[in-house]
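We count ligands from 1, going down the list as the structure has it; atoms in each ligand are counted the same way. Treat the numbers as computed from the prediction; the structure is a model and nothing was measured.
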Amino acid sequence: MASSEEDGTVEEKENNNKKRTKSTLATAWLTFYNIAMTAGWLVLAMAMTRFYIQKGTHKGLYRSIARTLKFFQTFALVEVGHCAIGIVRTSVIVTGVQVCSRIFMVWFITNSIRQIQSEESVILFLVVWTVTEITRYSYYTFKLLNHLPYFIKWARYNLFIVLYPVGVVGELLTIYAALPFVRRSGMYSMRLPNKYNVSFDYYYCLIIVMLSYIPLFPQLYFHMLRQRRRMLHGEVIVEKDD
Ligand SMILES: CCCCCCCCCCCCC/C=C/C(=O)SCCNC(=O)CCNC(=O)[C@H](O)C(C)(C)COP(=O)(O)OP(=O)(O)OC[C@H]1O[C@@H](n2cnc3c(N)ncnc32)[C@H](O)[C@@H]1OP(=O)(O)O
């Protein structure tokens, strides 16, 4: 009897130790990840500012930062994994839509269509993303280190009110600017007849993507407004499961 009680205690202790090791590892990884991402977006901010000061124009700016942008934005896919394995308390769907739409903008629109890289709308969403991500990742970093300055928390849960719609306008204008080039070049499209007997038109796909902002964006925006009420005003909000 005594030995089974002892066994129970040993097992409990082992389980607790395992949980603690797991959460220490998760915290260490998240701290490293958030510091790296803050640094990455700061590098982008500095590169954009330097380019503009030196050249006095935004033309050519995208090409000058393309590599760094592609690397850090693509690396954000890891965040979907964080939610999926439960080391951050965020919805996989919300994070997935956010990250995938950004990756789509970078790889399948801006990077693929040279002619639109100097559009003002590209600079608009790049500046908005950069400000957002520097604020967001530094917020997570300071929070993990238990030293969160109030102004960063304030910026995290207020700036998005303006930046989110402005970023979306930049993205939509960029996709809109891409449409004529996509139609003319027939890029990423498959016309019939072909050996797979499949037809795909990237032009119409882009129109569907633009239309999908209508139902999806308000959901992301209202999610952030709920987070704002929870974090800044301490409201208890019951979120629906994914
Ligand atoms: C394939 C093609 C698809 C096309 C589809 C097209 C449709 C697209 C429609 C909409 C497109 C939107 C495009 C986006 C544009 C822009 O980004 S514009 C720029 C402005 N953007 C923003 O302001 C972004 C706002 N969004 C976000 O912040 C997030 O991405 C989010 C996922 C939407 C919301 O964040 P969420 O994580 O839910 O909230 P938080 O309060 O920040 O965090 C909740 C808890 O989780 C912890 N946490 C999260 N991540 C981390 C981390 N990396 N490290 C540590 N901890 C993390 C966080 O601390 C919170 O913890 P608790 O305090 O314990 O709750």
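Checking only distances, H223 does come within under 3.5 Å of ligand 1, N or O to N or O. At least one N or O atom of Q98, backbone or side chain, sits closer than 3.5 Å to an N or O atom of ligand 1. Geometrically, ligand 1 and H82 share no nitrogen or oxygen pair separated by less than 3.5 Å. Taking any N or O of R89, backbone or side chain, at least one lies under 3.5 Å from an N or O belonging to ligand 1. Annotation: Q227 places an N or O atom under 3.5 Å from an N or O atom of ligand 1; distance criterion only. For a threshold of 3.5 Å applied to N or O pairs, the pair formed by R102 and ligand 1 contains at least one separation below that value. Considering backbone and side-chain N/O atoms, Y33 never comes within less than 3.5 Å of an N/O atom of ligand 1. Taking only nitrogen or oxygen atoms, main chain and side chain alike, N34 reaches within less than 3.5 Å of ligand 1. Polar contact check, Y140 against ligand 1: a nitrogen or oxygen pair lies under 3.5 Å apart.
The backbone N or O of A177 lies less than 3.5 Å from no partner atom in the side chain of E119, so there is not a single donor-acceptor pair.
A heavy-atom separation below 4.0 Å is not found between M37 and ligand 1. Under the 4.0 angstrom criterion for non-hydrogen atoms, M105 is not in contact with ligand 1. Using a 4.0 Å cutoff on heavy atoms, Y157 counts as a contact of ligand 1.
When each atom of ligand 1 is checked for a heavy atom of L220 under 4.0 Å away, the hits are 10 (C), 12 (C). Applying the 4.0 Å criterion to heavy atoms of R156 picks out, from ligand 1, the atoms 27 (C), 28 (O), 35 (O), 39 (O), 40 (P), 42 (O). For ligand 1, the atoms closer than 4.0 angstrom to any heavy atom of R230 are 65 (O).
A distance below 6.0 Å separates the ring centres of Y157 and Y139. Aromatic ring centres of Y150 and W154: separated by at least 6.0 Å.
More than 12 heavy atoms of other residues, nucleotides or ligands sit less than 6.0 Å from atom CZ of R191. When the shell of 6.0 Å around NE2 of H147 is examined, it contains 12 or fewer heavy atoms from other residues, nucleotides or ligands.
Of all non-hydrogen atoms in I134 and A45, the two that sit nearest each other are CD1-CB, 3.9 Å.
Counting only heavy atoms from C-beta outward, the side chains of C100 and F104 never approach each other to under 4.5 Å.
Ring geometry for Y140 versus Y137: interplanar angle over 60°, hence perpendicular rather than tilted (30 to 60°). Using cut-offs of 30° and 60° on the angle between ring planes, the pair Y33 and F75 is tilted.
Residue contacts with ligand 1, taken as heavy atom pairs separated by less than 4.0 Å, do not involve L159 at all. Of the heavy atoms in V166, none comes closer than 4.0 Å to ligand 1.
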